[in-house]
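Heads up: the structure comes next, in structure tokens.
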Protein chains: 4
Amino acid sequence: MARPQSEDKRNAILSAATEVFAERGLGAPTSAISSTAGVAEGTLFTYFKTKDEMVNALYREIKLELADAMMSGFPRRASIRNRLQHVWNSYTGWGIANPMQQKVLQQMGVWSGLTEESKRAGTAPFLEIEKTAEAAVAQHVFQDLPLEFIAAAMSALADTTMEFMRRQPKQASRYQSTGFEMLWAAVCRKK
Amino acid sequence: MARPQSEDKRNAILSAATEVFAERGLGAPTSAISSTAGVAEGTLFTYFKTKDEMVNALYREIKLELADAMMSGFPRRASIRNRLQHVWNSYTGWGIANPMQQKVLQQMGVWSGLTEESKRAGTAPFLEIEKTAEAAVAQHVFQDLPLEFIAAAMSALADTTMEFMRRQPKQASRYQSTGFEMLWAAVCRKK
Amino acid sequence: MARPQSEDKRNAILSAATEVFAERGLGAPTSAISSTAGVAEGTLFTYFKTKDEMVNALYREIKLELADAMMSGFPRRASIRNRLQHVWNSYTGWGIANPMQQKVLQQMGVWSGLTEESKRAGTAPFLEIEKTAEAAVAQHVFQDLPLEFIAAAMSALADTTMEFMRRQPKQASRYQSTGFEMLWAAVCRKK
Amino acid sequence: MARPQSEDKRNAILSAATEVFAERGLGAPTSAISSTAGVAEGTLFTYFKTKDEMVNALYREIKLELADAMMSGFPRRASIRNRLQHVWNSYTGWGIANPMQQKVLQQMGVWSGLTEESKRAGTAPFLEIEKTAEAAVAQHVFQDLPLEFIAAAMSALADTTMEFMRRQPKQASRYQSTGFEMLWAAVCRKK
DNA sequence: GATGAATGAGTCTTCATTCAT
DNA sequence: GATGAATGAAGACTCATTCAT
């Protein structure tokens with residue numbers, strides 16, 4: 001099928017939205033986004049039916065980017081600890097490299113407009129990680145807890161860690177590795 | 001003197017705000033709040049100069065309530081672990097008992113209108129806890145990390161835990177105690 | 001009859017109104033007036049049924065003061081020219097001494113809420129002056145024009161003169177006397 | 001390109017504003033203006049950022065129209081008296097023909113929102129007249145007074161005259177010519 | 001009578017969305 | 001498809017006036 005409209009323009013809009021939302025919150029006007037994107041106000045609505053739909057699309061886009069960053073170079077055969085460390089490092093690394101995206105993601109966490117479908121789509125690309133976690137539970141490495149909970153805990157701890165990495169850039173790598181040790185300790189089965 | 005400002009009405013407004021914000025986000029109209037509170041639209045503005053000021057007031061109010069809940073019965077003389085457990089239990093307990101307040105607090109975490117003063121006022125009542133943490137670090141029980149980081153990590157983990165306690169009420173107490181063990185493991189100095 | 005309410009408070013309100021209106025225009029809120037007057041917001045409405053009524057009252061009050069200033073020492077027996085000069089000097093003198101009152105009076109000139117009755121009441125105290133003018137017309141000193149027109153012309157010229165007296169205080173007395181000569185020339189019958 | 005801003009619509013808004021302001025004062029709501037203009041409430045704000053800006057624009061527009069009326073057919077070579085008479089006649093003529101505009105102009109005279117820039121822009125087109133007046137002073141025809149004062153006096157006298165022309169239309173031309181004679185007498189150097 | 005909290009209609013302005021060009 | 005003017009329903013906030021104290 002022929003790709004309608006211009007992929008470039010769509011990206012420009014989402015990228016502008018990221019910038020604007022990071023700075024002014026999800027309440028920022030669409031006009032600020034279109035002007036940042038260098039397109040007309042109306043154009044936004046030829047790519048997205050409504051603002052809410054656009055925010056949902058952005059959510060999925062960012063989640064995909066994040067998944068990409070995390071899955072690239074994923075050491076499928078390494079030990080569980082190493083795989084988890086990869087996840088941790090790539091997640092926090094991505095967050096530091098993409099502060100706006102991460103900030104927007106946080107805002108979307110308390111936004112009521114996210115559709116269930118978006119939430120589902122947002123978690124889908126992390127399948128590989130889930131498998132690792134499943135294995136970890138099965139092998140009695142992790143505690144016997146729902147994967148979702150472990151994932152959420154990791155995400156929460158990572159967000160906290162990133163915030164401090166950003167606040168004290170000189171200590172960034174120390175926070176990153178300590179954060180991981182904390183996660184590992186938290187998540188592993190106790191002897 | 002004429003009718004004095006009524007503490008009741010002020011509370012009704014803040015309480016309505018909690019309800020409305022929890023449901024519709026901080027972007028909810030003030031008119032929804034005043035009507036929920038059963039007062040005229042203008043009345044809100046005799047108690048708070050602007051909407052932003054009202055949100056800031058609400059933030060401080062909730063933080064105070066939370067501090068109250070956490071500090072009441074604080075076992076000043078108990079072991080560090082027991083003190084931390086008290087903190088954990090009372091925090092998660094409060095969050096489960098006051099889901100709207102907790103939700104609103106989370107939204108305020110990504111809200112740009114919070115004044116520095118409010119943030120300061122919001123952390124002030126947790127002094128006792130801070131002291132415990134300081135002692136824990138000094139006694140080499142906790143890892144050598146900034147207190148703020150430990151606090152943030154705890155708060156993040158607790159929020160996550162509460163979410164799952166709410167989702168699976170039957171497992172609530174299991175989540176609560178496992179969550180604490182995770183925190184304790186994460187935060188303690190490794191041998 | 002016993003004087004109801006306090007004359008003092010009424011005066012305080014009107015005086016505050018003068019001050020506030022001079023600075024912020026007739027659109028200024030009644031609350032600004034009551035607070036300047038040092039009374040409660042509601043008090044204003046025990047002295048005046050509505051804001052409009054209050055403005056009308058203020059108009060009459062100021063006009064009376066002005067009349068007082070102009071009629072005191074009026075040289076009833078002097079020549080027409082001297083009587084007119086007295087009027088001119090006392091009017092401009094009053095305006096310079098009472099800039100706020102004069103400013104408010106000007107604003108009321110383009111205000112649509114002035115009642116016909118107020119307008120009538122406002123001109124009444126100038127009867128003596130009118131008589132002078134009538135005499136001047138009768139004696140063929142003034143041109144044969146409606147008194148009202150002559151009065152309006154004088155008032156307009158005086159307002160202009162005062163404005164310049166205020167702008168260039170060092171030239172004030174020069175403006176005052178030149179202004180009068182202009183008026184006299186304008187108004188006298190030509191040979 | 002999309003629909004460009006229409007000069008027509010802008011004019012419709014300013015014209016409606018003139019009508020509404022003349023009737024109800026500058027405090028009239030913008031909604032009255034937009035509805036009179038036959039556009040949506042929001043449309044007004046695509047043409048003018050704020051109400052104040054719109055009022056300033058209207059001021060300049062009216063002043064320009066007035067200047068146009070006064071400068072068209074200005075007898076550059078005629079005697080000073082004839083030039084002044086042209087000014088007088090065209091001013092009062094314009095005022096009678098455009099009562100709403102003139103009323104609005106008067107209201108703006110006591111309005112505090114006029115920017116300095118607008119005031120400057122408003123006087124600029126009257127340069128030719130100023131030159132005449134300068135010449136008149138230089139040639140010892142006019143009294144030695146600041147031009148601004150002479151202009152203000154003329155304007156004040158003209159406003160008064162117009163008011164009476166309007167009140168007694170049958171006497172209009174008599175008022176007009178008498179008014180001019182008064183001005184001329186007032187302004188000329190005395191022998 | 002004095003007070004000032006309470007009221008709610010009214011104000012300016014914003015903004016998502018539509019639609020003529 | 002792209003544009004940006006047009007729309008009008010909100011939204012936050014103001015203010016004259018009322019009324020409980």
Side-chain angles (χ1 to χ4, degrees), chain A residues 4-6 9-10 27-35 37-55, chain B residues 1-6 8-10 13 27-35 37-54, chain C residues 4-6 9-10 27-35 37-55, chain D residues 1-6 8-10 13 27-35 37-54:
Chain A
Q5 304 164 327
S6 131
K9 217 156 266 187
R10 195 189 127 97
T30 53
S31 63
I33 294 167
S34 41
S35 89
V39 303
E41 289 191 36
T43 302
L44 195 153
F45 293 91
T46 69
Y47 288 85
F48 306 97
K49 250 206 306 286
T50 66
K51 186 189 186 187
D52 275 23
E53 190 186 303
M54 191 262 269
V55 177
Chain B
M1 218 210 302
R3 209 177 333 182
Q5 281 207 4
S6 117
D8 277 6
K9 212 155 273 184
R10 195 188 126 98
I13 290 169
T30 54
S31 62
I33 294 167
S34 40
S35 87
V39 301
E41 290 196 28
T43 301
L44 194 153
F45 294 94
T46 70
Y47 287 85
F48 307 97
K49 255 207 298 290
T50 63
K51 186 189 185 186
D52 274 24
E53 191 185 300
M54 191 263 269
Chain C
Q5 304 164 328
S6 132
K9 218 156 264 185
R10 196 189 124 100
T30 52
S31 63
I33 294 167
S34 41
S35 88
V39 302
E41 288 191 38
T43 302
L44 195 152
F45 293 91
T46 72
Y47 288 85
F48 308 97
K49 251 205 307 283
T50 65
K51 186 189 187 184
D52 275 23
E53 190 185 303
M54 191 264 269
V55 177
Chain D
M1 222 211 299
R3 209 177 333 182
Q5 280 207 5
S6 118
D8 277 6
K9 211 154 272 185
R10 197 189 125 100
I13 290 169
T30 53
S31 62
I33 294 167
S34 41
S35 87
V39 301
E41 291 196 29
T43 301
L44 194 152
F45 294 93
T46 70
Y47 287 85
F48 307 97
K49 254 207 297 292
T50 63
K51 186 189 186 187
D52 275 23
E53 190 184 302
M54 190 263 268

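From a predicted model like this one, the values you see are computed outputs, not experimental measurements. Naming: A, B, ... by sequence-line order, numbering from 1 per chain.
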[X] side chain: which of [options] is closest?
| X | options | result |
| --- | --- | --- |
| B:Tyr47 | E:dT3, E:dT7, E:dA6 | E:dA6 |
| D:Gln5 | E:dT3, F:dA5, E:dT17 | F:dA5 |
| A:Lys51 | F:dA12, E:dA16, E:dA2 | E:dA16 |
| B:Thr30 | F:dA12, E:dA2, E:dT13 | F:dA12 |
| B:Phe45 | E:dA6, F:dG8, F:dA12 | F:dA12 |
| B:Thr43 | E:dT7, F:dA12, F:dA6 | E:dT7 |

> Has B:Thr46 got a side-chain N or O lying under 4.0 Å from the OP1 or OP2 atom of E:dA5?
Replying inline: no
>> Whether the side chain of B:Tyr47 engages the backbone of B:Met54 through a donor-acceptor N/O pair (distance < 3.5 Å, no angle test) should be reported.
In response: no
How many whole angstroms separate atom [atom1] of [X] from atom [atom2] of [N]?
| X | N | atom1 | atom2 | value |
| --- | --- | --- | --- | --- |
| B:Arg10 | E:dA5 | CZ | C1' | 15 Å |
| B:Asp52 | F:dG11 | CG | C1' | 13 Å |
| D:Ile33 | E:dT13 | CD1 | C1' | 14 Å |
| B:Ile13 | E:dA5 | CD1 | P | 13 Å |
| C:Glu41 | F:dT17 | CD | C1' | 10 Å |
| A:Met54 | E:dA16 | CE | C1' | 11 Å |

Pick base, sugar-phosphate or nothing for [X], based on heavy-atom distances below 4.0 Å to the nucleic acid.
| X | answer |
| --- | --- |
| B:Phe48 | nothing |
| B:Lys49 | nothing |
| D:Ala32 | nothing |
| B:Ser6 | nothing |

> Stem ranges for DNA chain E, with three or more consecutive Watson-Crick or G-U pairs under 3.5 Å?
Replying inline: E:2-21 with F:2-21
